[in-house]
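Below is one structure, written out as structure tokens; the observations come after it.
In listed order, ligands and their atoms are each counted from 1. Bear in mind the structure is a predicted one, so any value in this text is a computation, not a measurement.
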Amino acid sequence: MTMDHPFKEEIGKMKDWLVEIRRKIHMHPELGFEEVETSKLVSEWLEPFGLQVKRGIAKTGVVGLLQGSEPGRTVAIRADMDALPLDEANQVPYVSKVKGKMHACGHDAHVAILLGVAKYFSSIKDPLKGNIKWIFQPAEEGGGGGRVMVEEGVLENPKVDAIFGAHVFPLLPIGKVGIYEREGLAATDRVVIKIIGKGGHAASPHLTKDPIFAAGHLITQIHSIVSRNINPLDSAVITIGKIGGGTAFNIIPDEVDLLGTVRSLNPQVREALKLRIEQVIQGVVCSFGLDYHYDFEYGYPVLINDSEMSKLVVTACSRGIGKENVEVLKPSMGGEDFAYYLEKVPGSFFRLGCRNEEKGIIHPYHSSLFNIDEEVLPFGVEMFVRIIDQYLGLNMI
Ligand SMILES: [Zn+2]
Ligand SMILES: [Zn+2]
């Protein structure tokens, strides 16, 4: 049987404060590696809690450390701080004040939740066994701020033994947690393809090498890779998202450019896709007597949770909300740079339901109408406190 613990009451009292923080950040969104004001605010909020605060890691990253009075393990928790380049369409009093920028992925909530965890642990009178590290990173949305944070040593001094990160999740209702047992999110690589032909008059195609015609065949053929070359029990996506070439109806251009994303959930599939795409380009383009240029640009790696750490998340969260409110999720073919931390230390990335149909909070990530049910703020604090308690063996709860 679960009962309301004083700690839950304590977190409940924080709600207005958490909402204020989230809205303040929401109104002043900043893009990746430009989170100057956000990072300043984070430091100012952290310092009174008695944490050791370091700024300027990976440009705008902030790290806070609470060193326990008793020896123990070091656990890290992470929030991303960046917003996205779009105009907000929500009509709320705390709408983005910056044209062309919006917190449409909920990173404002992640920052507020981690600050709530800091506030909670700073208020604990009992001695802390072990250390807690707070990682506020820049540039999750494509900039790979997580990779830079790792390169700049955030997992050292003291060495992090385990790391946990959460993302608000509009597909799950408020009050629920989603967990990936192992693979959670995909490797997100880019392919850059140039088909090089020979332009000329549209009425004399026989005197040209038409790259637009070849591009049509290539796009069709490239989609055979996932269906014919990848094991159906593995997952892969190839999407050509951009194509460009030509200037007029009566000109055959010299070149066509194609840009695409390639997603996979394990390194073998990732390498197979890289190789097979080039073989298909070569085969198709050469059959038309054209030439090509191909780049496969590695993006974020696959996010792979440590299964023991995921079990710990399930146990810790279930204690608060019941097993029925913790859902095991299938992996998503989206990407997440939390993967870089998980390449170095065991940990788990989980989801916090933020959907509320009654309040009309139903829009997906990166939508100009994205929003969260702010109940997720104290809820997220509670889940992190439970996970930390469990990992460090504090037995506070
Ligand atoms: Zn996003
Ligand atoms: Zn995000």
Taking the basic N atoms (NZ, or NE/NH1/NH2) and the acidic carboxylate oxygens, is any pair closer than 4.0 Å for Lys24 and Glu20?
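No, this pair does not count.
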
Ion pair check, Glu374 and Arg22, cut-off under 4.0 Å |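 Yes, Glu374 and Arg22 are salt-bridged.
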
Between Ser310 and Glu181, does any side-chain donor sit less than 3.5 Å from a side-chain acceptor?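 Ser310 vs Glu181: no donor-acceptor pair found between side chains.
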
Protein N/O/S atoms closer than 2.8 Å to the Zn ion (ligand 2) number 3

I want to check a possible cation-pi pair here: Arg78 against Phe164, using under 6.0 Å from ring centre and within 45° of the ring axis as the test.
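Checked: cation-pi criterion not met.
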
| query | Can you tell if the side chain of Val63 reaches within under 4.5 Å of the side chain of Val53, non-hydrogen atoms only? | reply | no

Contacts satisfying ring-ring contact (aromatic ring centres under 6.0 Å, His included) that involve residues 314-340 (not counting sequence neighbours) are Tyr300-Tyr340, Phe338-Tyr341, Phe338-Phe349

